[in-house]
Amino acid sequence: MSKKYEALVIFSRDVREDQLDQAIARFVAEIQKFGATIESTDAIGRRPFARVIDKREQGLYAKVRFDVDPANVTALRNRFRLYDEVYRLQIVTRNVRIEAAKAKDDARRAAFMAKMEEKAAAAAAQAAAEEEKEFSAQ
């Protein structure tokens, strides 16, 4: 039985921004060796740290969402401790119910915004029609 996880990885100084996609691909390939199925990857890019860590002020971030057997998570963490490319790694369990609620809320918000834009467009069209009617009456 697999569970849903999200890994936030910070790559070391050895990885440049133009090499980020390749580093993510190697990271994903290693995760897949443990029987994981990848849902999505997101190259976040260079971000500053909240505080200086080992004389570093920023790092290259990436986020990977995957499904894997919980027994393999510890082995995954131990495996990436050996990689020089990976500076920091955080793997957390994803809450599917919260994600579903957020998706539902985002859909509701998008529908509301579309409705508001439609009302604004209708009001603008009406104002333009009234202005044209007033102009032609003069």
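Owing to the predicted nature of the structure, the values given are computational and were not obtained by experimental measurement. Atom set for the values below is all heavy atoms of this structure, side chains included, hydrogens, waters and symmetry mates excluded.
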Colleague: I need the Leu89 CG to Ile91 CD1 distance, nearest 0.5 Å.
Modeller: 4.5 Å
Colleague: Given side chains that start at C-beta, do those of Phe27 and Val9 come closer than 4.5 Å, heavy atoms only?
Modeller: yes
Colleague: How would you list, by chain and number, every residue that makes a side chain to side chain contact (heavy atoms under 4.5 Å, CB included) with Ala23, sequence neighbours excluded?
Modeller: Phe11, Val15, Arg26, Glu85
Colleague: What I'd like to find out is whether the side chain of Phe49 reaches to under 4.5 Å of the side chain of Asp54, using heavy atoms alone.
Modeller: no
Colleague: Which value, rounded to the nearest 0.5 Å, describes the distance between Thr41 atom OG1 and Asp21 atom CG?
Modeller: 8.0 Å
Colleague: Looking only at non-hydrogen atoms, find the nearest pair between Phe34 and Asn72 and report the distance.
Modeller: O-ND2, 2.9 Å
Colleague: With a 4.0 Å cut-off on N to O distance, would you call Arg46 and Glu57 a salt bridge?
Modeller: no
Colleague: Any non-hydrogen side-chain atom of Phe66 less than 4.5 Å from a side-chain atom of Gln32?
Modeller: no
Colleague: Any idea which heavy atoms bring Lys3 and Pro70 closest together, and the distance?
Modeller: CD-CG, 3.5 Å
Colleague: With rounding to the nearest 0.5 angstrom, report the CG to CG distance, Leu60 to Leu20.
Modeller: 5.5 Å
Colleague: Is any side-chain heavy atom of Lys4 closer than 4.5 Å to a side-chain heavy atom of Thr93?
Modeller: no
Colleague: Between Tyr61 and Asp42, is a side chain to side chain contact (heavy atoms under 4.5 Å, CB included) present by the stated rule, with each step listed?
Modeller: CA-CA 9 Å; Tyr61 285 76; Asp42 185 22; over 6 Å; no
Colleague: Suppose we screen for side chain to side chain contact (heavy atoms under 4.5 Å, CB included). Which residues come up paired with Asp18, at least two apart in sequence or across chains?
Modeller: Arg16
Colleague: Side chains of Lys63 and Ile44, heavy atoms from C-beta outward: is any pair under 4.5 Å?
Modeller: yes
Colleague: Rounded to the nearest 0.5 Å, how far apart are CD of Glu117 and CZ of Phe112?
Modeller: 11.0 Å
Colleague: Can a salt bridge be assigned to the pair Glu130 and Lys133 using a cut-off of 4.0 Å between side-chain N and carboxylate O?
Modeller: no
Colleague: Going by an N to O cut-off under 4.0 Å, is there a salt bridge joining Asp105 and Arg109?
Modeller: yes
Colleague: Is the cationic atom of Arg56 (NZ for Lys, CZ for Arg) positioned less than 6.0 Å from the six-membered ring centroid of Tyr87 and within 45 degrees of its normal?
Modeller: yes
Colleague: Would you mind checking if Arg65 and Glu6 are paired as a salt bridge, meaning a charged N to carboxylate O distance below 4.0 Å?
Modeller: yes
Colleague: Are Tyr5 and Val73 packed together at the side-chain level, in the sense that at least one heavy-atom pair is separated by less than 4.5 angstrom?
Modeller: yes
Colleague: Starting from the C-alpha separation in whole Å, work towards a yes-or-no answer on side chain to side chain contact (heavy atoms under 4.5 Å, CB included) for Arg79 and Glu30.
Modeller: CA-CA 9 Å; Arg79 178 72 176 171; Glu30 194 65 36; 2.8 Å; yes
Colleague: Within this structure, what is the CD1-CD1 distance for the pair Ile38 and Ile24, rounded to the nearest 0.5 Å?
Modeller: 11.5 Å
